[in-house]
*Asks:* 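Take a look at this one; I'll ask things after.
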Amino acid sequence: PQTTGTKGEFLIDHEDEAVRGMLVLEDGEMRWPAPVPPPPPPKVEKPKDPAVLLEELRAEMEARDPKPVYLRSAMWATGGSAAILALGASTPNVEFGSMLSVFSLAGVCGYYTV
């Protein structure tokens, strides 16, 4: 709706898509469903120089390189596994290792429970 500047008087803006979509009846005339707005005109871009396109493609491929992400993840998993194996190898007896693994699992389960 739009105001006319006069107190208590409003006009309905039929060009506004939001207002037009909510309008069902006006003066006894059915106004629903609202007409579909025309699609936006397609973007027309001038063709770029092939050298510029090749450089943009190379930059995009370098930005999408997944190797550092997977390498970092693999390094963390390797380091964690090596630390757990070293801890297990350094335990004084089997019972201590068993209690340590139960304690570790309880800590992980408690973390995910809370």
Side-chain angles (χ1 to χ4, degrees):
Q2 292 181 343
T3 181
T4 60
T6 307
K7 187 174 182 175
E9 186 178 337
F10 294 96
L11 292 177
I12 296 176
D13 184 10
H14 293 278
E15 301 301 318
D16 188 359
E17 290 179 25
V19 173
R20 185 66 182 96
M22 292 184 287
L23 189 59
V24 178
L25 284 175
E26 182 179 27
D27 297 328
E29 182 183 343
M30 182 67 136
R31 295 280 187 165
W32 191 84
V36 179
K43 293 181 182 178
V44 178
E45 295 182 10
K46 64 178 185 174
K48 293 184 180 180
D49 183 31
V52 173
L53 286 175
L54 183 62
E55 192 62 36
E56 287 177 0
L57 184 62
R58 282 185 185 155
E60 184 178 332
M61 292 302 290
E62 288 175 3
R64 290 186 182 182
D65 186 20
K67 185 177 178 181
V69 175
Y70 290 116
L71 182 64
R72 188 178 313 118
S73 169
M75 293 299 285
W76 276 105
T78 304
S81 299
I84 289 172
L85 285 173
L87 186 62
S90 68
T91 58
N93 53 22
V94 177
E95 291 82 17
F96 181 77
S98 176
M99 286 192 321
L100 187 62
S101 65
V102 169
F103 176 73
S104 301
L105 288 173
V108 169
C109 291
Y111 174 79
Y112 283 108
T113 300
V114 174

*Asks:* CG of Leu85 to CG of Leu87: how many Å apart, nearest 0.5 Å?
*Replies:* 9.5 Å
*Asks:* Within the distance-only criterion (no hydrogens, no angle test), does the side chain of Ser90 pair as donor or acceptor with the backbone N or O of Ala86 below 3.5 angstrom?
*Replies:* yes
*Asks:* Rounded to the nearest 0.5 Å, what's the gap from OG on Ser81 to CH2 on Trp76? Could you check?
*Replies:* 12.5 Å
*Asks:* Evaluate whether atom CD of Glu26 has more than 12 neighbouring non-hydrogen atoms of other residues, nucleotides or ligands under 6.0 angstrom away.
*Replies:* yes
*Asks:* State the NZ-NZ distance between Lys48 and Lys46, to the nearest 0.5 angstrom.
*Replies:* 10.0 Å
*Asks:* Once rounded to the nearest 0.5 Å, what's the spacing between atom CG of Leu25 and atom CE of Met30?
*Replies:* 6.0 Å
*Asks:* Rounded at 0.5 Å granularity, tell me how far CG in Asp16 sits from CG in Leu23.
*Replies:* 11.0 Å
*Asks:* Could you tell me which non-hydrogen atom of Arg20 sits nearest to which non-hydrogen atom of Pro35, and how far apart they are?
*Replies:* NH2-CD, 3.5 Å
*Asks:* What's the separation between atom CG in Asn93 and atom CE in Met99, rounded to the nearest 0.5 Å?
*Replies:* 8.0 Å
*Asks:* Could you state whether Tyr111 and Val108 fall into the same hydrophobic cluster, counting links through intermediate Ile, Leu, Val, Met, Phe, Trp or Tyr residues with side-chain heavy atoms under 4.5 angstrom apart?
*Replies:* yes
